[in-house]
Amino acid sequence: MRTWLIFLVIAPPIAGIAQEQSPRSLHAAHEMSEIPSLTPTELEQLRNGDGMGLARPAELNHFPGPKHVLELAPELGLTPEQQTRAEEIFAEMQQRARDLGEQIIEAERHLNMQFAHRHVDEAALRESTASIAELYGRLRFAHLVAHLAVGSLLEASQVEVYDGLRGYAGTR
């Protein structure tokens, strides 16, 4: 009985140490993915036009996002005009983000194929990564500009309510 008790106390920490020292890469799980350089979650977010935290500078500085403004419309007391305009801003941003997301996915697919087929050198790599970076920049712009548009649409009191509902404690 005492041997089992010692085993139960010692085994979990030893197993944890063995896991920490494993040479197995965290990337191994993605090796057979549709596009190994993107996780399934990232693929889904890019395809859906999700924000992925790209608009955090706006969100945390009192520029609400269109998706959340629409979700909180009753609490914010949006006027019919504000509601309509927020829907338009969201639809435009969503379409732009989805289009760019598909372009990013294809660019990542191309980069992966360059490596998979050994058709990559420094010049090709520079071109591919610059293209992907430019697409991500455009995606981030699409989300940030939507926050900017919604920020100018709302009254200061509505932004304060929004910030409180979203859990932001900062002051304006």
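Along the sequence shown, residues are numbered consecutively beginning with 1.
- Between the side chain of Tyr162 and the backbone N or O of Gly65, at least one donor-acceptor pair lies under 3.5 Å.
- When side chains are defined from C-beta on, Glu44 does not count as touching Thr39, because their heavy atoms never get closer than 4.5 Å.
- Contact detail for Arg98 and Gly49: the closest heavy-atom pair is CG-N, 3.8 Å.
- Contact detail for Leu154 and Gln82: the closest heavy-atom pair is CA-NE2, 3.8 Å.
- What you find for Ala55 and Leu144 is that their closest heavy atoms are CA-CD2, 3.6 Å.
- The nearest pair of heavy atoms linking Met52 to Leu46 is CE-CD2, 3.7 Å.
- Two residues are said to be in side-chain contact when any heavy atoms from C-beta on lie closer than 4.5 Å; Asn61 and Tyr168 fail this criterion.
- Side-chain contact between Leu139 and Gln103 is absent, with no heavy atoms from C-beta onward closer than 4.5 Å.
- A pairwise comparison of heavy atoms in Ser128 and Gln114 identifies OG-OE1, 2.7 Å as the closest pair.
- Here Ile104 contributes atom CD1 and Arg138 contributes atom CZ; the two are 9.0 Å apart, rounded to the nearest 0.5 Å.
- Minimum interatomic distance between Ala86 and Val69 (heavy atoms only, all atoms of both residues): CB-CG1, 4.4 Å.
- Side-chain atoms of Gln94 come within 3.5 Å of backbone atoms of Asn48 as a donor-acceptor pair (strictly under, hydrogens ignored).
- Within a 6.0 Å sphere centred on CZ of Arg56, heavy atoms belonging to other residues, nucleotides or ligands number 12 at most.
- Leu148 contributes atom CG, which lies 11.5 Å from atom CG of Leu153 (distance to the nearest 0.5 angstrom).
- Rounded to the nearest 0.5 Å, atoms CG (Leu78) and CG (Leu72) are 9.0 Å apart.
- The closest side-chain heavy-atom distance from Leu111 to Leu125 is below 4.5 Å.
- Within a 6.0 Å radius of CD in Glu134, more than 12 heavy atoms belonging to other residues, nucleotides or ligands are found.
- Classification of Arg85 and Glu88 as a salt-bridged pair holds, one side-chain N sitting under 4.0 Å from a carboxylate O.
- Taking CD of Glu127 as the reference point, atom CD1 of Ile132 lies at 11.0 Å (rounded to 0.5 Å).
- Between the CG atom in Asp50 and the NZ atom in Lys67 there is a gap of 5.5 Å [rounded to 0.5 Å].
- In the hydrophobic clustering of ILVMFWY residues, with side-chain heavy atoms under 4.5 Å counting as a link, Met113 and Leu38 come out apart.
- Between Arg109 and Glu106 there is a salt bridge, since at least one side-chain N of the basic residue sits less than 4.0 Å from a carboxylate O of the acidic one.
- Within the 3.5 Å criterion, the main-chain N or O of Phe63 finds a donor-acceptor partner in the side chain of His147.
- Between Val150 and Met93, the closest side-chain pair of non-hydrogen atoms is not below 4.5 Å.
- There is no path of hydrophobic side-chain contacts, each under 4.5 Å, that joins Leu76 to Phe90.
- Side-chain contact, Asp99 with Gln95: a donor N or O sits under 3.5 Å from an acceptor N or O.
- With hydrogens and angles disregarded, a donor-acceptor distance shorter than 3.5 Å links the side chain of Asp121 to the backbone of Ala123.
- Put simply, NE2 on His110 and NE2 on His119 are 11.0 Å apart, with the number rounded to the nearest 0.5 Å.
- Side-chain contact between Ile105 and Leu43: present, with at least one pair of heavy atoms (C-beta onward) separated by less than 4.5 Å.
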